[in-house]
Amino acid sequence: MNMEGASVEPGNKKSAFAVNPKALRRKQIRSYMAQNWQLYVLLIVPLAFAITFKYMPLSGLILAFKDYKIARGFWGSEWVGFQIFEEIFRHREFLRALRNTLLLNTLDLMFSFTAPILLALLLNEIRHSAYKRVNQSLLYLPHFLSWPIIGALAYQLLGLGNGLVNNLIEMLGGERIPFLQSDYHWLASYVGIGVWASMGWGTIIYLAAISGVNPELYEAATVDGAGRWRRMWHVTLPCIRATIVTLLILNLGRIMGGSFEQIYALQNKATTEFTTTIPVLVYRWGIEGGNFSRATAVGLFQSVVGLLLILIADRIAKKLGEDGLL
Amino acid sequence: MQGSGIIRVAHHRRRFDLWDVLIYTAIALTSLACLLPFVHVVAKSLSTDAFVIANKVFLWPKGFTIEAYQKIFADASIIRSLYVTVFITATFTLLGMIITTCAAYPLSRRNLKGNAVLTFIFMFTLYFGGGIIPEYINISNLGLLDTVWSLILPPAFSAFNLLIMRTAIRSNIPDSLEEAARIDGAGHFRVLLTIVLPLSKPIIATLSLFYAVGRWNAYQDALFYIKYATELRPLQLKLYYLVVQASESFQLEMTNVNLSNPEVLKASVVVFATVPILLVYPFIQKYFVQGVLIGAIKE
């Protein structure tokens, strides 16, 4: 068999290349394939799935540039260029969905991003490992619940007529609060529920970063007379800065994104002002309403802006001397 | 509080001061906030209607009864949706792991020719996709609408899980071990089956759980793709229609009348849908944490 092929290692490729012309290279490739064809066979199934379910849908994006009519079909429908985009940018519902997406994600960034950092700093102060473990287990729990369950729990707790919280408020002599039934209360509840659901799980990465801090730094700070909060501020936080910045940039890049499941499980008929975000609008216009062209255009707009934001965020991260994302 | 006292403290066990008390309490309260909603719903589900309507139930059942659960277990459509979810989750997890492994092992080999191109093809899907409507049309064109396969096949390939598994194989299995087996004449299939897979058990456990819990909890795709075949609704979608949207009524076999106040039934169906996750939660939590940490490593 081709034993000389076996000894060709990636590092030697160049030297072998320099010595000889094409014939040897062909021979090398043949012997490489003879030994490694199984690797390519393994890749067939994953490639087939990626192509069928991730790449084939991309062809559907042309609907955003066509006036899709079911009767004329996918290919038969007329090309209209950017006309549909011009239409949606003037559409009040789209503008509202765009505003809501940015608003909800910004609020989410302000609260759901900072809460895990604070919680991780506090958890780090706990010295009884059993106490810490029990609390962590409870704090991680919401991450494992589905959005329909969280939505259902929210209505059981925050419901106007018979929610637990309102029952307690009434018992203490207060007035019932429409947590989920009026626009601005809903907005606050949405953000609060988001914090509740993600806060514990978000601490994992920060706790890992904190555990990597050199203990000598703490000892030195203590010797210099730094108390608990100064150690936190001058040792822990600077040491996990890279983690914070990376996650912050990643989240900034997602400001145009948004979870359909979360919002759809928390919305209701009583509040409509803030509950329609871009994914919800795409669902309403496209799957419920059957206006595929318009819904595809909205979705494409979101994907393209989202991708640009991630690329920009990555650039900024690298400029700041942090690890990029890509 | 300053000076030499502090230095001694650094060597001995630090004293438990007022701040510690506050921090320990704050953490305990936050943890309780994660637990108590569920305790309340369990209490509600085990109470008599009258107490629930009168808003008398807090964290302990009043007028203890398991009637609501008997009704749920008698509701064929709820039980059926549980079966559907179990089938989908099991099939999806198996398929997802096969696909992930088949892609991760070749890509973990740095000297694979074409590695950069192949990696790009897979990873591109993380950053850009067709979106809701093109994916819907694709599923429709493939004839998968209103079948369980619309919930199993499309998400089975996950670039994120592939990335995690490739990282884990690269860092856990020394190249020399593979090379040794290769020199002994083992083909790549053999290396994968006899060396890579047995040494990757922890990451396989972690990713299987990622797939399984993700599939168990998702309802978006079912909402989109399962429209007319109501008997194929997975549990989470069923829960959504029953409790969140409350657009569907419980099919009570004993009475043909819908209850005027289904609050107890709602609570018990929430518990019914959550208990499977709670039962496995203590065992899977550790693997999830490991998965997050591997996922955070960037190469």
Side-chain angles (χ1 to χ4, degrees), chain A residues 10 32 36 38-39 42-43 45-46 49-50 53-54 56-58 60-61 119 122-123 125-126 135 137-142 144-146 148-149 151-153 156-157 162 164 167 196 200 204-205 208 219 222-223 225 228 260-261 265 279 282-283 286-287 292 295-296 299-300 303 307 310 323, chain B residues 2 6-7 10 19 23-24 26-27 30-31 34-35 37 40-41 55 99 102-103 105-106 111-113 118 122 125 127-138 153-154 156-157 187-189 213 217 219-220 224 236 239-240 243-244 263 267 270 273-274 277 281 285 289 292-293 296 298:
Chain A
Y32 174 84
N36 295 300
Q38 292 181 333
L39 291 177
L42 285 172
L43 283 163
V45 175
F49 268 84
F53 295 107
K54 308 285 178 195
M56 264 167 50
L58 294 180
L61 289 173
L119 193 59
L122 292 185
L123 275 171
E125 293 297 311
I126 287 179
N135 279 296
S137 287
L138 292 176
L139 290 167
Y140 296 166
L141 185 61
F144 292 82
L145 303 179
S146 72
I149 289 178
L153 287 176
Q156 299 273 335
L157 259 81
N162 41 28
L164 175 73
N167 293 347
W196 179 84
I204 293 174
I205 249 163
E219 279 165 34
T222 311
V223 170
R228 179 202 305 276
F260 175 89
E261 295 208 334
V282 171
Y283 171 67
I287 295 179
F292 284 165
T296 306
L300 180 60
S303 311
L307 183 65
I310 289 199
D323 281 344
Chain B
Q2 275 181 343
I6 296 286
I7 297 171
W19 281 115
I23 290 172
Y24 274 59
I27 293 285
T30 319
S31 307
C34 294
L35 180 70
H40 168 67
V41 177
N55 292 335
I99 291 174
C102 284
Y105 172 61
N111 59 358
L112 176 81
K113 285 200 199 312
L118 288 162
F122 286 123
T125 63
Y127 299 99
F128 194 80
I132 293 173
I133 301 301
E135 277 169 22
Y136 177 85
I137 294 172
N138 189 44
L153 303 179
F157 168 75
H188 282 293
F189 293 159
V213 174
N217 279 341
Y219 77 105
Q220 176 181 336
F224 293 174
Q236 302 302 333
L239 180 73
Y240 177 78
V243 181
V244 182
E263 284 305 310
V270 172
T274 317
I277 289 284
Y281 174 64
Q285 186 199 335
V289 173
V292 170
L293 295 177
K298 212 173 73 66

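All chains are named by letter (A, B, ...) in the order of the sequence lines, taking the proteins before the strands, and each is independently numbered beginning at 1. Scope of the values below: all heavy atoms of this structure, side chains included, with no hydrogens, waters or symmetry mates.
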Is chain B contacted by the side chain of [X], its backbone, both, or neither, given a heavy-atom distance below 4.5 Å?
| X | value |
| --- | --- |
| A/Leu141 | both |
| A/Val282 | both |
| A/Leu300 | side chain |

Determine yes or no for a side-chain-to-main-chain donor-acceptor pair under 3.5 angstrom, with [X] supplying the side chain and [Y] the backbone.
| X | Y | result |
| --- | --- | --- |
| B/Tyr219 | A/Pro148 | no |
| B/Tyr281 | A/Ser137 | yes |
| B/Gln285 | A/Tyr140 | no |

Please report the interatomic distance [atom1]([X]) to [atom2]([Y]), rounded to the nearest 0.5 Å.
| X | Y | atom1 | atom2 | result |
| --- | --- | --- | --- | --- |
| A/Leu139 | B/Cys34 | CG | SG | 5.0 Å |
| B/Phe157 | A/Lys54 | CZ | NZ | 7.0 Å |
| A/Leu122 | B/Thr30 | CG | OG1 | 8.0 Å |
| B/Ile27 | A/Leu119 | CD1 | CG | 5.0 Å |
| B/Glu263 | A/Asn162 | CD | CG | 4.5 Å |
| A/Phe53 | B/Thr125 | CZ | OG1 | 13.5 Å |

Chain A contacts, top residue of [options] (heavy-atom pairs, under 4.5 Å):
| options | answer |
| --- | --- |
| B/Ala156, B/Pro154, B/Gly187 | B/Pro154 |
| B/Gly130, B/Ser31, B/Ala103 | B/Ser31 |
| B/Val270, B/Ile132, B/Val213, B/Leu35 | B/Ile132 |
| B/Tyr105, B/Phe122, B/Phe189, B/Phe224 | B/Phe189 |

Open item on the list: Would B/Lys113 and A/Tyr32 count as a cation-pi pair here, with the cationic atom under 6.0 angstrom from the ring centre and within 45° of the axis?
Closed with: yes
Contacting moiety of [X], where chain A heavy atoms sit under 4.5 Å:
| X | answer |
| --- | --- |
| B/Leu118 | side chain |
| B/Leu112 | both |
| B/Ala273 | both |

For the residue pair [X] and [Y], what are the closest heavy atoms and their distance?
| X | Y | value |
| --- | --- | --- |
| B/Val243 | A/Ala152 | CG1-CB, 3.5 Å |
| B/Gln220 | A/Glu261 | N-OE2, 2.7 Å |
| A/Trp196 | B/Pro37 | CZ2-CG, 4.2 Å |

- [ ] Using the test side-chain contact (heavy atoms from CB on, under 4.5 Å), find all partners of A/Pro57 that sit at least two apart in sequence or belong to another chain.
- [x]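 Partners of A/Pro57 under the side-chain contact (heavy atoms from CB on, under 4.5 Å) test: B/Pro134, B/Glu135, B/Asn138.
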- [ ] Using the test side-chain contact (heavy atoms from CB on, under 4.5 Å), find all partners of B/Ala267 that sit at least two apart in sequence or belong to another chain.
- [x]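 Partners of B/Ala267 under the side-chain contact (heavy atoms from CB on, under 4.5 Å) test: A/Gln156, B/Val41, B/Lys44, B/Ser45.
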Closest-packed option against chain B by number of heavy-atom pairs under 4.5 Å, given [options]:
| options | result |
| --- | --- |
| A/Ile126, A/Ile205, A/Val45, A/Leu123 | A/Ile126 |
| A/Pro279, A/Ala265, A/Gly286 | A/Ala265 |
| A/Gly60, A/Pro46, A/Ala208 | A/Pro46 |
| A/Leu138, A/Ile287, A/Ile204 | A/Ile287 |
| A/Leu157, A/Asn135, A/Thr296 | A/Asn135 |

Open item on the list: Within the structure provided, determine whether A/Leu145 and B/Thr274 are in side-chain contact (heavy-atom separation under 4.5 Å).
Closed with: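 Answer yes - side chains close enough.
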